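Since the structure comes first, as structure tokens, the remarks are kept for the end.
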Amino acid sequence: MLRVIILDLDGTLVKTGIDWDWVRERVREILGVSRDVCLKPLATTVMRFKGLGWRFNEALRVIEEAELDSTNSAMYSRDIRRLLGELRACGYKLVLVTLRSWKTTMPLLDRMGVNGLFDLVVTRDDVADRLSQLALVLERLGIDKDEAVFIGDTNVDLEAGKHLGVKTIIVGNYMETIEKLKELRSKCVGGKNMRSNIA
């Protein structure tokens, strides 16, 4: 029985104007690595350079600055707050996983008006790769892989979900996410009165 909906943030719930190619180039300069070094996903791969001390810290600062700057220009559906609230009323637990830091995630959730609607928020401050984030969600909520669905937007998301055996839905943008959430909501038309019928 499906009990938990896990959502990615950037690219799934919101569209940000971050120029990640520019950020990656800046990070490469700071870390002193060549273009041959793949920095995708950026937050995950940059963790390999913790041993570089101040260079690592400066790289994280640049990433975090770009994330914070994107908060006010982020695009998202105005229906998201109502829809998440309705899903909670249906009895679903809602989880957010993001490769942003906690410091840059909270202002974005505040702007969207959805802060407080998630039962669990996992950021890169907890673990900085998607596979570990999903595994952490299952562990913290004490649920089986078959009790969750994960909605993301990248191949990394897809591979992480497949590896753990969690049903994974890949979307192209935040409006597709809204449609997927509406489909889940339609399975519990009666809201709280239909909790036991969620499947």
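Since we're looking at a predicted model, the values are computed, not measured.
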For residues [X] and [Y], determine if any side-chain heavy atom of one lies less than 4.5 Å from a side-chain heavy atom of the other.
{"X": "F49", "Y": "V37", "value": "yes"}
{"X": "E147", "Y": "V4", "value": "no"}
{"X": "L96", "Y": "L109", "value": "yes"}
{"X": "I80", "Y": "L181", "value": "yes"}
{"X": "D126", "Y": "W102", "value": "no"}
{"X": "K162", "Y": "T168", "value": "no"}
{"X": "K167", "Y": "K145", "value": "no"}
{"X": "L2", "Y": "L184", "value": "yes"}

Looking at [atom1] of [X] and [atom2] of [Y], how far apart are the two atoms once the value is rounded to the nearest 0.5 Å?
{"X": "L42", "Y": "M47", "atom1": "CG", "atom2": "CE", "result": "9.5 Å"}
{"X": "S73", "Y": "I18", "atom1": "OG", "atom2": "CD1", "result": "8.0 Å"}
{"X": "F118", "Y": "I6", "atom1": "CZ", "atom2": "CD1", "result": "11.5 Å"}
{"X": "L94", "Y": "L83", "atom1": "CG", "atom2": "CG", "result": "9.5 Å"}
{"X": "I170", "Y": "E159", "atom1": "CD1", "atom2": "CD", "result": "9.0 Å"}
{"X": "M1", "Y": "D144", "atom1": "CE", "atom2": "CG", "result": "12.0 Å"}

Where [X] and [Y] come nearest, the two heavy atoms and their spacing:
{"X": "M175", "Y": "S77", "value": "SD-CB, 4.0 Å"}
{"X": "Y76", "Y": "Y174", "value": "C-CE1, 3.5 Å"}
{"X": "T44", "Y": "A128", "value": "OG1-O, 2.5 Å"}
{"X": "C38", "Y": "R28", "value": "CA-NH2, 4.4 Å"}
{"X": "Q133", "Y": "V127", "value": "NE2-O, 3.1 Å"}
{"X": "V23", "Y": "A66", "value": "CG2-CB, 3.9 Å"}

Check the hydrophobic clustering (I, L, V, M, F, W, Y; side-chain heavy atoms under 4.5 Å; chains of links allowed) and say if [X] and [Y] are grouped together.
{"X": "V97", "Y": "L87", "answer": "no"}
{"X": "V156", "Y": "L9", "answer": "no"}
{"X": "L99", "Y": "V171", "answer": "no"}
{"X": "L7", "Y": "L136", "answer": "no"}
{"X": "L68", "Y": "L60", "answer": "no"}

Backbone of [Y] reached by a side-chain donor or acceptor of [X] within 3.5 Å:
{"X": "R81", "Y": "G113", "answer": "yes"}
{"X": "R88", "Y": "L117", "answer": "yes"}
{"X": "R111", "Y": "A74", "answer": "yes"}
{"X": "R55", "Y": "I30", "answer": "yes"}

List the steps and the verdict of side-chain contact (heavy atoms from CB on, under 4.5 Å) for L108 and L13. CA-CA 11 Å; L108 184 50; L13 281 181; over 6 Å; no
Result for side-chain contact (heavy atoms from CB on, under 4.5 Å) between R124 and one of T98, D129, I63 points to I63
V62 vs E65, test: side-chain contact (heavy atoms from CB on, under 4.5 Å). Steps then yes/no. CA-CA 5 Å; V62 167; E65 187 175 273; 5.7 Å; no
Check step by step if side-chain contact (heavy atoms from CB on, under 4.5 Å) holds for R24 and K40. CA-CA 9 Å; R24 269 188 283 273; K40 290 183 181 181; 3.6 Å; yes
Of the options T104, T105, T16, which is the one that meets E67 in a side-chain hydrogen bond (donor to acceptor under 3.5 Å, both in side chains)? T104
Check K103 with D125, please: is the shortest side-chain N to carboxylate O separation under 4.0 Å? no
Are E64 and R61 ion-paired here, with the side-chain N under 4.0 Å from a carboxylate O? no
Can R100 and S70 be counted as having a side-chain donor-acceptor contact under 3.5 angstrom? yes
List the steps and the verdict of side-chain contact (heavy atoms from CB on, under 4.5 Å) for F150 and D8. CA-CA 8 Å; F150 170 47; D8 170 45; 4.2 Å; yes
